[in-house]
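In what follows, a single structure is set out as structure tokens and then discussed.
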Amino acid sequence: MDAILLQTLNGLDKGSAYALIALGLTLIFGTLGVVNFAHGALFMIGSFCAVTLSRLLTLSFETVDPTKTDFLGNPAKVKTPYVEAWFGPEAGGTIIDWAVPLAIIFAIPVMIAIGYAMERGLIKHFYKRPHADQILVTFGLAIVLQEVIKYFFGANPIPTPAPEVFKGSFDFGMLIGMDANAVIYPYWRMVYFFFAALIIGGVFAFLQFTTFGMVVRAGMADRETVGLLGINIDRKFTIMFGIAAAVAGLAGVMYTPINSPNYHMGMDFLVLSFVVVVVGGMGSLPGAVLAGFMLGILESFASMNAIKAIIPGIDQIIIYVVAIVILLTRPRGLMGRKGVMED
Amino acid sequence: MGILEVKGVNKRFGGLQALGDVNLSVQENTVHAIIGPNGAGKSTLLNCLVGKLIPDTGSVMFDGQSVLGRKPHEINQMGISRVFQTPEIFSDLTVMENVLIPCFAKRDGAFRMHAYESVASEKEVIERAEAMLEDVNMLDKRHMHSASMSRGDKRRLEMAMCLVQEPKLLLLDEPTAGMARADTNNTIDLLKEINEKRDITMAIIEHDMHVVFSLAERITVLAQGTPLVEDTPENIKGHPKVQEAYLGQAH
Amino acid sequence: MNVKPDFNKNANQAATAPAFLSVWDLHAYYGESYIVQGVSFNVHEGEILALLGRNGAGKTSTLRAIARLDDPMVTHGEIWLDHQHLHTMKSHEASVAGMSLVPEDRRIIAGLTVEENLQLAQIVEPVGWSLERLYELFPRLGERRKQEGVTLSGGEQQMLAIARALARDIKVLLLDEPYEGLAPVIVDEIEKTLMHIKEQGITTVIVEQNAVRALELADRAVILDTGQIVFDGTAAEVLENESLRAEYLAI
Amino acid sequence: YTNEPTGSTVTLGFNVPQTGPYADEGADELRAYQLAVEHLNGEGDGGMMNTFSSKELQGNGILGKKVEFVTGDTQTKSDAARASAKSMIEKDGAVMITGGSSSGVAIAVQGLCQEAGVIFMAGLTHSNDTTGKDKKANGFRHFFNAYMSGAALAPVLAARYGADRKAYHLTADYTWGWTQEESIASATEALGWETVEKVRTPLAATDFSSYIAPVLNSGADVLILNHYGGNMVNSLTNAVQFGLREKEVNGKNFEIVVPLYSRLMAKGAGANVKGILGSTNWHWSLQDDASKAFVKSFGTKYGFPPSQAAHTVYCQTLLYADACQRAGTFNPCGVGQALEGFEFDGLGNGPTLYRADDHQCFKDVLVVQGKENPTSEFDLLEVVEVTPAAQVTYDPDHPMFAGGQLGTCNPGA
Amino acid sequence: MLGIDKKDRNLLVVVAVLALAAPFILNPFPAGSELAQFNAGYPDLMQRFVIFGIFAIGFNILFGLTGYLSFGHAAFLGVGSYSAVWMFKLLSMNVLPAIILSVIVAGLFSLLIGFVSLRRSGIYFSILTLAFAQMSFNLAYSVLTPITNGETGLQLTLNDPRVLGSSATADGSIPVTNLFGLEMRSTYEMEVGAWLFQFNAGYYLCAFIMLAAFYLAMRIFRSPFGMMLRAIKTNQTRLNYTGLNSRPYTLAAFVISGMYAGLAGGLMASMDPLAGAERMQWTASGEVVLMTILGGAGTMLGPVLGAGFIKYFENIFSKINDSVLHGWFAFLPDGMENALVTIVHPFVGKGWHLTLGLLFMAVVIFLPGGLIEGGQRIAKMFKKKKGSSSDDDSEHSPKQAPHVAE
Ligand SMILES: Nc1ncnc2c1ncn2[C@@H]1O[C@H](COP(=O)(O)OP(=O)(O)OP(=O)(O)O)[C@@H](O)[C@H]1O
Ligand SMILES: Nc1ncnc2c1ncn2[C@@H]1O[C@H](COP(=O)(O)OP(=O)(O)OP(=O)(O)O)[C@@H](O)[C@H]1O
Ligand SMILES: [Mg+2]
Ligand SMILES: [Mg+2]
């Protein structure tokens, strides 16, 4: 029983990550119809916004401390972050500690700018081109972005912890009257869950309660005609791309405390996010979110020993099994719209 | 007993009764026109004949066999070809290839693994396709990319694709819409000739009364999903209800 | 090269009013094929111009070029509308400037209902007819407003395409074969509407294969052949000129 | 024999991951290779050549031939690694191949070198199989292995955490993970620990929450993470996130163990490694002369201390060169013979033996712990115990290593 | 001759000449010179060129011709490799049975996956194939280790129970793959001045098979079957209403391309008897997609070019390290040498991915039709120069449909 509750909770949390990552992709891929293999790279760049900010905040000046020696036996240099020097160790320390949440503010303009540049400079010319060309160009871009990050940050993961107050976990089981240690849950994952809900809700509302969503859908179905109706569809697409990049980036920023970011993390998530979007159904935002949570929860359950004992290796393939079953039983995924990328 | 017997066909789209108890009998080797106001259900009726839609109730018999429940390609193999309201062609292929494909379908059936033979060596088929293109005055365009043709030309191409199969029953959904007057006249002549020489039965939907009255031997008027009258062209022309609901005062 | 068009250039036009829509030496290409080959004409405010010609003459291409669509690409020429230079605009800017095109294949937007298709036209100012008024003109659309636009019947789609154009506040209406697929009674209705909006000062360019109908409606006519203008005069002149009619219009 | 050097130079092939998750490790290996080549050619300060017990190397290359090298990218994929090694052999005339950063790659390339008739000096490969069921006559391993990790760690674990412990294993679901799990489980069980559960995790997993969450519930009081690389960084981060380290189970502090450590991984996991025990092949903070000489030489050139990967590949380059020198030939069979049973000292791991039976190297193994108060960004691990070689030595026919045959050395064409 | 028209015959001849003379063409620089780094004429890489060429040719039948974008084709290649290696382990070191088995097994496997996946089209199809391939990869990496040997890859060992042949040779090593005694690795070396050319038996086997595969693909392209496949790509609805059943056509295309992939896998194992699971990973499937698009999807030669391009970068650019760079620029003054090395450094060696990514982008942006379009443009330029302005009637004649096979 607690095992089920536990895995449901875990699944929700994993699902919120999947849903959030897939959300940005749905906007570009499901809605604009651009097969964006650079989406993972956007997610990764979001993470590195957090890394960059925490690097910036810990930018230090060096003083030589004659009492200490470095690994070669020379007098050691001691680093003091400017932030600590300016605001005092206490306040400065807190600012550094809060680097990840602060990075949200930092990442939004950065990601929008990147999204804008990417759309105006590149993707714009590819709306009318075959999907294959889109794959090639975005894949090329993804590699380039990755390599640039690798050039500056290396290939190793870079730990980027959450603020001290969000570290550790709380005992969810005790809260609902279960035994101690039955169901524990890390604080940051809770934060992530609520953050995901907020972003998903926000994007959803924006598309649902404004004409923006309709215009973009129309533009994707027939750009030319929408232009004939006086709508500057290019601008709408750019905005959409900017939003999608920002969503992808924020998903990345918030993910850093969960797993240390590295330059290829985007590729690791790429396939998964495509699977989520397609299982959810092309062009459907709720579909993608639903699929994200569903796959997250099923994946959690599949990792239970009891289940692995029955079907060995099921946790390796559960996502794909589910994808196959859903796509075979529902022609357009969970909630896909007709005619979107079916040929 | 006609070659095509439609009995009691009903089709609903949600709250809309698109077809209500349609009965239609098309006699072999005749040209049968179906006319009626926009949204009367004419195209829907054709859709039910070729397997694009399945009627809710009723039966459709062709040549003594039911077409219901068969896949589009099976129905075509029975001998029904259709020209669509908006041209459906292979737009990435050349005009010639567009015509060759139905030739092969007619010759080889629904599937045949012709992976090693070369198209260029199929002289007979090519001749046939060329003859067809000649008939519709498009032979000079045979190497053209069919996507880059004007709309009227696409129409003619699609018709050629259906005619080359020499179907027993040819269904035409507004074949001359958007066609220049000269070509319309040619098309009328062509269809007439084909109907007479090759014994192809035709069911034609048209809003151009000139075409209808030049070709049709019988006319069914459909309104709101139900046949209003069925009669000879002369009688339809003078039918007051038809004039009011459809033709307008111009005719 | 860039000589400003003479707004009073049209020799056949005795009127002293400056041309409202002026197309001057337009050249346009689809990729490498040269389709519009130096087309010039003027239309006065409130006039109806019939643009006629055979299939593949370049009528659609001309209209598309004037509406500033990406294809065909205009390489040379100027387009002026009410003192605005359209030739520097993109299609959405041209639309804001008062240009509206009813495209030949209707281009109803998939995935959107009838009503959404109309709403889409009213997102950007200036907005024309209200939805109520449009439904009044085409009651059929009102009935089907919740239906997905692309599942409408052919004629209904044509109505929607025209309604969508009227939903914007326009100065010039470009109609590419607006009667295609419409029942004769509806054609009558639309003619009435066109006369009505003409009275309001809206200028119309109509491309139509049903040349007689178009000429009866139009003030002036331009005949295109292989991308060049072969005739520019009043509609009455065309109707009177046997040889012209026979050669280019087959009527 | 294959690629016999006829000119004034000899070419070695350094095949390391330059792209993919282990690229940094590969880069560090390359640095060490370059350093070794410099030292062999008599440039630089000579590094560990000065402390090495065998004094055959003269600083004039190998057998008087100047050492040159080619590099390649394994991409941490056995296919790509083999392609890269093949091009070194077929195109560049490399007479020895070395490097790699995972067992899969090492075994694949070792097989290739056996067929092609060149010597393979494995880089980072920790799986028992490399010198167990997949051992090859042309291949030699300097690195320690999973069995040794278990044997070195278990006594320390028992001493620190007591003999009455219940362990929960999370294991990367592929060959290396399995041998690691088997080794450490049997070593700890021998000391009285109980293994509560062994759970396999997919290699592609990035979030281990659903594997970690049930741990506390299972009655286990130790979590053993048989993960490496990104897997290990993530699973350890997740485990700490779930607060495992602050919990008490069965009246004892909950503990986490990472059997195979590397400094680069520790860096990736950040503060999460503090206090966590594991084993490693070598660490820069060792204070013997050889290690100090190496750190100085490497640190002066590159500005930071070398990793264990760098140390391993540096040693192997010297050892290979020395063996050629002693054998008086580059012929793989001669070199192999010179390496087989070779005993030496002065390369940072204490007295060392290259065992003839399986080409595994036997030397001291370090037990390390994540440092609580690091003084610099490199100072992440501290050595808690240097397990003497004798304690980690096993019989050549130990069941965990059974199944393969060394075969005979292949000099190639 | 051969039942193809003149243009195709010329193309075939060109490909044949290129393939047979590859050891010369790919080794333009004298061995030992600084530019020898760019030589690709050594057996392993040449084998890879043609093997991936086969893979891409087959893939193109499905993707370029039929328009179905499979993201799981690497699975068939992997299955082919495994079958071949098992054949070596159990039956004999002759490559022929191994290759035959790998084609058959891959064919059956693709029949199964194709039958299920082809019930959907567009992106849904792509994801289905991706899911099947990823499943195969994950299982091969872990649970199926007894069959696949997991992470390490399936290798030959000294105690393989080879029915026809011996477990080990007299001198105690593993026997090598051969074709009726002709060892795949046997290489004849020819020294011409400073140049060294290698003629490898395995390569020539692969090259002949590639030519056969190319010829076969050409026949398919020109056949009624090929025309139907192209028709499916443009308008499946019309095809159905024309009386053709598209399912067997797509399935046949899928299986054929799966067999091509299996053939490539079998050949890979024949050249180097190891089968690794990562051959089945999505990145491997992605690679063949990239090869095809990069070269020019739907063209005959494009995929082969694309395959060569990517493999060249992977194997040549990744090996250019700083000391090689210093070697190249050694003639310059020190300062300039170092500056140049610093500039070039990020793009080669461990930065080869970066260069590849940039080239991907450059090719799609500037050559929408892939590399093949680059070739066409060059050819056109020559033509223009030769017979200039003989036909400037870009009159009112719309463009002719491009011939599929350039
Ligand atoms: N998929 C559908 N869903 C809902 N309604 C539909 C659908 N398809 C057709 N209809 C409606 O059914 C009615 C009949 O359509 P149909 O296309 O048969 O008319 P038609 O007689 O061919 O008219 P036209 O002459 O204008 O082409 C129309 O009102 C149309 O809106
Ligand atoms: N996308 C295109 N690419 C290349 N050529 C095209 C394209 N569209 C049309 N054409 C060519 O341009 C010429 C003019 O076509 P257009 O559609 O303007 O003719 P039209 O006068 O409207 O004919 P119709 O009466 O048949 O609609 C035709 O010869 C046609 O083949
Ligand atoms: Mg209709
Ligand atoms: Mg037109």
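Computation of the quantities below employed the complete heavy-atom set of this structure, encompassing side-chain atoms and omitting hydrogens, waters and symmetry-equivalent molecules. In what follows, chains carry the letters A, B, and so on, assigned in the order in which the sequence lines appear, proteins first and then strands, with residues in each chain numbered from 1.
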What residue, out of [options], has the most heavy-atom pairs lying under 4.5 Å from chain D?
options                                : answer
E/Ala31, E/Pro43, E/Ala275             : E/Pro43
E/Thr157, E/Asp272, E/Ile174, E/Leu158 : E/Asp272
E/Asn200, E/Val143, E/Asn159, E/Ile320 : E/Asn159

Out of [options], which one racks up the most heavy-atom pairs below 4.5 Å with chain E?
options                               : value
D/Ala83, D/Gly403, D/Gly111, D/Ser103 : D/Ala83
D/Lys77, D/Gln34, D/Lys91             : D/Lys91
D/Leu203, D/Thr71, D/Leu112           : D/Thr71
D/Ala23, D/Ala108, D/Ser84, D/Gly407  : D/Ala108
D/Leu30, D/Asp92, D/Ile89, D/Asp173   : D/Asp173

Name the region of [X], side chain, backbone, both or neither, that has any atom closer than 4.5 Å to a heavy atom of chain D.
X        : answer
E/Ser323 : side chain
E/Leu196 : neither
E/Gln198 : side chain
E/Ala40  : neither

Would a 4.5 Å heavy-atom cut-off, applied to side chains only, mark E/Gln155 and D/Ile107 as touching? yes
Side chains of D/Ser87 and E/Lys319, heavy atoms from C-beta outward: is any pair under 4.5 Å? yes
Atom [atom1] in [X], atom [atom2] in [Y]: separation rounded to 0.5 Å?
X        : Y        : atom1 : atom2 : answer
E/Leu45  : D/Lys86  : CG    : NZ    : 11.0 Å
D/Thr175 : E/Asn149 : OG1   : CG    : 6.5 Å
D/Asp79  : E/Arg48  : CG    : CZ    : 6.0 Å

Would a distance-only check, ignoring hydrogens and angles, find a side-chain to backbone donor-acceptor pair under 3.5 Å from D/Glu90 to E/Asp44? yes
List the atom of [X], the atom of [Y], and the distance in Å for their closest heavy-atom pair.
X        : Y        : result
D/Lys136 : E/Leu156 : NZ-O, 4.5 Å
E/Glu151 : D/Tyr174 : OE1-CD1, 3.1 Å
D/Ser78  : E/Gly276 : OG-CA, 4.4 Å

With a 4.5 angstrom heavy-atom cut-off, which part of D/Trp178 approaches chain E: side chain, backbone, both or neither? side chain
Judged by modelled atom types alone, do [X] and [Y] share a side-chain donor-acceptor pair under 3.5 Å?
X        : Y        : value
D/Asp73  : E/Ser318 : no
D/Gln75  : E/Glu314 : yes
D/Glu115 : E/Ser173 : no

Could you please spell out the steps behind the side chain to side chain contact (heavy atoms under 4.5 Å, CB included) verdict for E/Asn321 and D/Phe14? CA-CA 11 Å; E/Asn321 54 35; D/Phe14 301 149; over 6 Å; no
